[in-house]
Protein chains: 2
Amino acid sequence: MSDLSEAPSRGSARLHILDCAKRLFAERGYDGVSISDIARETGASKANIFHHFESKEGLYLAVIAEVVRRVPDHIDALSSEHDIVEAFQELAAAELTEGAKDETGVRLILREIISGDPRRSRVLAEDIFADRFTRLVDLIRTHQDTGTFRKDVDPALAAHVLRSASVFFILGRDVLRHMPGVDFADDPDRYAREAAALVLRGLVVRDSSEEK
Amino acid sequence: MSDLSEAPSRGSARLHILDCAKRLFAERGYDGVSISDIARETGASKANIFHHFESKEGLYLAVIAEVVRRVPDHIDALSSEHDIVEAFQELAAAELTEGAKDETGVRLILREIISGDPRRSRVLAEDIFADRFTRLVDLIRTHQDTGTFRKDVDPALAAHVLRSASVFFILGRDVLRHMPGVDFADDPDRYAREAAALVLRGLVVRDSSEEK
DNA sequence: CCCCTAACTGACCGATCGATCGGTTAGCGA
DNA sequence: TCGCTAACCGATCGATCGGTCAGTTAGGGG
């Protein structure tokens, strides 16, 4: 497998191993993939994998680190849009399109989230999500201060609901495809925009006049 | 371990194995748990596990089936509430409290969702989620017809966003606990109600008058 | 009483796990 | 040209994997 004629340029084998391992780990999880599997997939020998990486866990952590390193950030780009709903739609669509394109990366991180290992949960939370989550919360809070957003909503909670809608879409796509009445499973862009609009505008019609 | 003095009443060992296996599978996943682990945890011998279950996969499927069998349904109970926002809050809170109480069950099903096995995704979708998902969609559509809910929102999409908010809360709790500014990680009831209210009422204040 | 069956066990099977070994190849600086 | 090092390999390690088997125990119906 993977006989790409040549091009053994410096460190290419290492990258190839990382790439294959990433896909396999994303598909089957850490315990579901053996070094032999990765070796077979890369076309290299088992021993060579241990030459490039100190252990199976070392390889796995390297894969995670590589995925994390490549996670782009779309939040900054929208600060000064004129229509706030449109801006959030744009943000959600950009993130979800990106996520759908590199589904293996998303799956990998999500597997890590539910792994339940408290150490890794903490590391992941602080190193990766905390920063952009905080910025999203700040963005919401800013709009609350300016009066664009209602003030009786916890900004962190709202941020989490927005994130959930995006993340769980990718996570549950296979199931979603088999749901009756669902025609957006293969259209991340449309889903992202409609979901963002939904959370911003709400589901109930806006004649009810209740104040907290 | 698990020396409950006696009471070897009919089939109790089988149930004990199911219970331990459920917890272990939820924590570490299918490939992360060996029969020896389960045997050690239950206090029984490996061979005895194969006496009660035909194989490891058979045990796993039995665990899944047991979890699915116990999933309660809260949707029917709310059809005739007077305040629609309150009704949805009640539904979300009931589901999330239930889910938080039996976190292992939720984790197990979520692991199954992201496993990526297309067969199982299909089975899960059709046997478990389809029914109540459809009823939630129908409920939303009904309120659209009566004019309570806005009509420019895909009911299935709205249902999925609502589900996402609940499910991903349990899934990402460990990470959520380490997020700055998050104080609802250990309060499923409050989160469920605020999240439901958010999706129903929306984030933006309701003076903007745009129609599609 | 005996006998049958379900519950249960320790010992063991071949296969595969992560990891290590000694040894070979290839490329590059001196 | 030599020599060093990184890249790579086949063979093999002890441990553990899922699963089997022959045999023992316990309990209830005849």
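Order of the sequence lines fixes the chain letters, A, B, ..., with proteins taken first and strands second; residue numbering starts at 1 for each chain.
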**Q.** Partner residues of B/Phe53 under the ring pair (Phe, Tyr, Trp, His ring centres under 6.0 Å) criterion, sequence neighbours left out
**A.**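 Expected list: none.
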Q: Kindly write out the residues that satisfy ring pair (Phe, Tyr, Trp, His ring centres under 6.0 Å) with A/Tyr60, not counting sequence neighbours, or none if the list is empty.
A: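 Ring pair (Phe, Tyr, Trp, His ring centres under 6.0 Å) check on A/Tyr60 returns A/Phe25, A/Tyr30.
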**Q.** Under the side-chain contact (heavy atoms from CB on, under 4.5 Å) test, residues paired with A/Arg28 that sit two or more places apart
**A.**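 For A/Arg28, the residues satisfying side-chain contact (heavy atoms from CB on, under 4.5 Å) (neighbours in sequence not counted) are A/Leu24, A/Val33, A/Asp37.
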Under the salt bridge (charged side-chain N to carboxylate O under 4.0 Å, His left out) test, which residues partner [X], sequence neighbours left out?
{"X": "A/Arg132", "value": "none"}
{"X": "A/Asp138", "value": "A/Arg141"}
{"X": "B/Asp131", "value": "B/Arg135"}

Q. Mind pulling the stems DNA chain D is in, i.e. runs of at least three Watson-Crick or G-U pairs, everything under 3.5 Å?
A.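 If one scans DNA chain D for consecutive Watson-Crick or G-U pairs, the stems found are C:2-30 with D:1-29.
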Can you tell me how far [atom2] of [N] sits from [atom1] of [X], to the nearest Å?
{"X": "B/Arg14", "N": "C/dC8", "atom1": "CZ", "atom2": "P", "result": "12 Å"}
{"X": "B/Ile17", "N": "C/dC8", "atom1": "CD1", "atom2": "P", "result": "7 Å"}
{"X": "A/Leu15", "N": "D/dA7", "atom1": "CG", "atom2": "C1'", "result": "14 Å"}

Q) Salt bridge check: are A/Arg14 and A/Asp19 linked by an N-O gap of less than 4.0 Å? A)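 No, this pair does not count.
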**Q.** Where protein sits on nucleotides 10-26 of chain C, one letter per nucleotide: B base, S sugar-phosphate only, - none, heavy atoms under 4.0 Å
**A.** B------SBBBB-----
Q) Which pairs, with at least one residue in residues 53-63 of chain A and sequence neighbours excluded, count as a salt bridge (charged side-chain N to carboxylate O under 4.0 Å, His left out)? A)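 Sorted result for residues 53-63 of chain A: A/Glu57-A/Arg120.
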Q: Please check the phosphate of D/dA7 (OP1 and OP2 only) for any side-chain N or O of A/His51 closer than 4.0 Å.
A: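 Looking at the OP1 and OP2 atoms of D/dA7, one of them is under 4.0 Å from a side-chain N or O of A/His51.
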(Q) With a cut-off of less than 4.0 Å, is there a side-chain N or O of B/His52 near OP1 or OP2 of C/dC8? (A)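 For C/dC8, OP1/OP2 do have a side-chain N/O of B/His52 under 4.0 Å.
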